[in-house]
Amino acid sequence: MISIALSKGRILDETLPLLKAAGIVASENPDTSRKLIIATSRRDVRLIIVRATDVPTYVQYGAADLGIAGGDVLAEHGGSGLYQPLDLKLARCRLMVAVRRGFDYEQAVRQGARLRVATKYLQTAREHFAAKGVHVDLIKLYGSMELAPLTGLADAIVDLVSTGNTLQANDLIAVEEVAQISARLIINQAAFKLKRAVIQPVLDALTRAVK
Ligand code: ATP
Ligand code: PRP
């Protein structure tokens, strides 16, 4: 038996058709079911439904053998104990620095000003600004990052941008790309050795489905 950790919402919506193409069909709709462990059309594969940010943790500790998580979440987690063999090319977006329209980001950076940056991606943001030699005070938020520059909590945010609609609706503009993001398959390294006979065909089928 292998378990695949998935999160509800965007990633699940895009992942279910991919799993189906790989011959794995959920026995009930995880988006509407209150069940957290869901059987599939394959007796040896089950789905575990967790928060997006918890997917790498379940897989790292072997509570799930496989998982599907965004590159943003994986970068924050650090990837310890995880094998990341496949970019699923789903839930694509970009992690960006954004500021209030009218705020001169380039000038602030040039002057060596100390920027206040609000984000849920503390680790990734810290590395990004350190590599650029920009001094920042990071403020951890758990959502609605766009509010931070509008309320004076921060000068800038680091957040995901896809269509750009959320930034535009809040009079913010993206000024710098931090990373390109997509969902990836992750596998517990020990499980990949011990359960290779079951995991490898699933990996192969998903690889074909992505293509
Ligand atoms: P939680 O509900 O646990 O706080 P979340 O709100 O981050 O998690 P989702 O919004 O479903 O969960 O996002 C899951 C993943 O989808 C993110 O980690 C990211 O990789 C990707 N994602 C998030 N927002 C977008 C977007 N606007 N466009 C494309 N992909 C996105
Ligand atoms: C994500 C992200 C942005 C938005 C960007 O939020 O945090 O707010 O999508 O997408 P856009 O560029 O297409 O507007 P999400 O919709 O997942 O809401 P959340 O903050 O509740 O996770």
Side-chain angles (χ1 to χ4, degrees), residues 4-19 26 29-38 47-61 63-64 66-80 82 84-101 117-125 127-128 138-151 153-187 206 210:
I4 305 178
L6 296 176
S7 58
K8 282 194 187 187
R10 210 180 306 263
I11 288 205
L12 187 73
D13 296 343
E14 296 190 33
T15 299
L16 291 181
L18 193 68
L19 288 176
N29 183 352
D31 250 332
T32 48
S33 173
R34 299 296 300 167
K35 275 194 178 175
L36 298 174
I37 298 180
I38 295 189
L47 307 180
I48 293 185
I49 310 301
V50 302
R51 286 288 292 267
T53 43
D54 292 335
V55 168
T57 307
Y58 272 81
V59 178
Q60 174 187 4
Y61 288 99
L66 280 69
I68 293 176
D72 51 329
V73 166
L74 290 170
E76 278 300 291
H77 175 271
S80 156
L82 303 177
Q84 300 186 26
L86 183 61
D87 183 344
L88 297 169
K89 304 196 166 88
L90 304 175
R92 285 170 121 153
C93 52
R94 299 194 294 165
L95 193 61
M96 307 283 291
V97 181
V99 298
R100 235 179 34 246
R101 192 182 297 282
V117 179
T119 185
K120 86 177 168 188
Y121 303 103
L122 282 190
Q123 201 51 37
T124 313
E127 283 168 25
H128 173 76
L138 294 171
I139 300 172
K140 168 81 181 180
L141 288 179
Y142 293 86
S144 301
M145 263 81 80
E146 292 84 0
L147 260 180
L150 304 180
T151 54
L153 179 64
D155 303 309
I157 58 171
V158 171
D159 193 14
L160 299 174
V161 179
S162 172
T163 60
N165 289 343
T166 311
L167 290 184
Q168 199 179 6
N170 292 291
D171 220 14
L172 303 176
I173 52 166
V175 287
E176 196 163 85
E177 180 178 292
V178 176
Q180 304 215 355
I181 303 295
S182 56
R184 312 226 187 102
L185 179 71
I186 55 174
I187 306 181
L206 284 172
V210 170

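Atoms within a ligand are numbered from 1 in the order they appear, just like the ligands themselves. What you see below is based on every heavy atom in this structure, not just the backbone, and it leaves out hydrogens, waters and symmetry mates.
In this structure, atom 8 (O) of ligand 2 lies nearest to the protein heavy atom E146 OE2, 2.7 Å. The protein heavy atom nearest to atom 14 (C) of ligand 1 is I11 CG1, 4.0 Å. Remark: minimum distance from atom 5 (C) of ligand 2 to any protein heavy atom is reached at L160 O, 3.4 Å. If you check which protein heavy atom lies closest to atom 20 (O) of ligand 2, you get S144 N, 4.5 Å. Protein heavy atom nearest atom 29 (C) of ligand 1, with residue, atom name and distance: R92 O, 3.4 Å. Ranking protein heavy atoms by distance to atom 31 (C) of ligand 1, first place goes to R10 CD, 3.2 Å. Among all protein heavy atoms, the one lying closest to atom 22 (O) of ligand 2 is K120 NZ, 4.5 Å. At the shortest separation from atom 20 (O) of ligand 1 among protein heavy atoms lies D72 OD1, 2.7 Å. Looking only at protein heavy atoms, the nearest one to atom 13 (O) of ligand 2 is T163 OG1, 2.5 Å.
Counting heavy atoms under 4.0 Å from ligand 2, residue R10 touches it through the side chain alone. When heavy-atom distances to ligand 2 are checked against a 4.0 Å cut-off, T166 comes that close through both its backbone and its side chain. Contact annotation for T163 and ligand 1: no heavy atom of the residue comes within less than 4.0 Å of the ligand.
Residue H128 is tested with Q123, E176, E177 for a side chain to side chain donor-acceptor pair (under 3.5 Å); the sole match is E176.
When E76, R51, R94 are ranked by how near their heavy atoms come to atom 3 (O) of ligand 1, first place goes to R51.
Remark: ligand 1 and A91 share an N or O pair separated by less than 3.5 Å (distance only, no angle test). Any N or O atom pair closer than 3.5 Å counts here, and V161 shares no such pair with ligand 2. For the pair K120 and ligand 1, the shortest N or O to N or O distance falls below 3.5 Å. Looking at Y121 next to ligand 1, no N or O pair under 3.5 Å apart turns up.
Contact atoms of ligand 1 toward S162: 26 (C), 27 (N), 28 (N) (distance under 4.0 Å to a heavy atom of the residue). For ligand 1 and A52, the ligand atoms under 4.0 Å from any heavy atom of the residue are 3 (O), 8 (O). Of all atoms in ligand 2, listed by their number and element, those nearer than 4.0 Å to a heavy atom of D159 are 2 (C), 3 (C), 7 (O), 8 (O). Of all atoms in ligand 1, listed by their number and element, those nearer than 4.0 Å to a heavy atom of L160 are 19 (C), 22 (N), 23 (C), 24 (N). Ligand 1 places these atoms under 4.0 Å from at least one heavy atom of G70: 20 (O). Which parts of ligand 1 touch V73 is read off a 4.0 Å heavy-atom cut-off, strictly below it: atoms 18 (O). Near I181, with a cut-off below 4.0 Å to any heavy atom, the atoms of ligand 1 are 20 (O).
Taking a distance limit of 4.0 Å, we find that atom 10 (O) of ligand 2 is approached by some protein heavy atom.
Of all non-hydrogen atoms in V99 and V175, the two that sit nearest each other are CG2-CG1, 3.8 Å. In terms of heavy-atom proximity, H77 sits nearest to Q60 at NE2-OE1, 2.8 Å. Here the closest heavy-atom approach between residue A64 and residue I48 is recorded as CB-CD1, 4.4 Å. Nearest heavy atoms, P56 versus I186: CA-CD1, 3.8 Å. Nearest heavy atoms, L167 versus V161: CD1-CG2, 3.7 Å. The shortest non-hydrogen separation linking I139 to L153 is CD1-O, 3.4 Å.
Within the structure, the closest approach of G164 to ligand 2 falls below 4.0 Å when heavy atoms are considered.
Annotation: the span from N170 atom CG to L150 atom CG amounts to 5.5 Å, rounded to 0.5 Å. Separating the CG atom in L122 from the CG atom in L141 is a distance of 9.0 Å, to the nearest 0.5 Å. One finds the CG atom of N29 at 8.5 Å from the NZ atom of K8 (value rounded to the nearest 0.5 Å).
Counting non-hydrogen atoms of neighbouring residues, nucleotides and ligands closer than 6.0 angstrom, the CD atom of Q168 reaches no more than 12 such neighbours.
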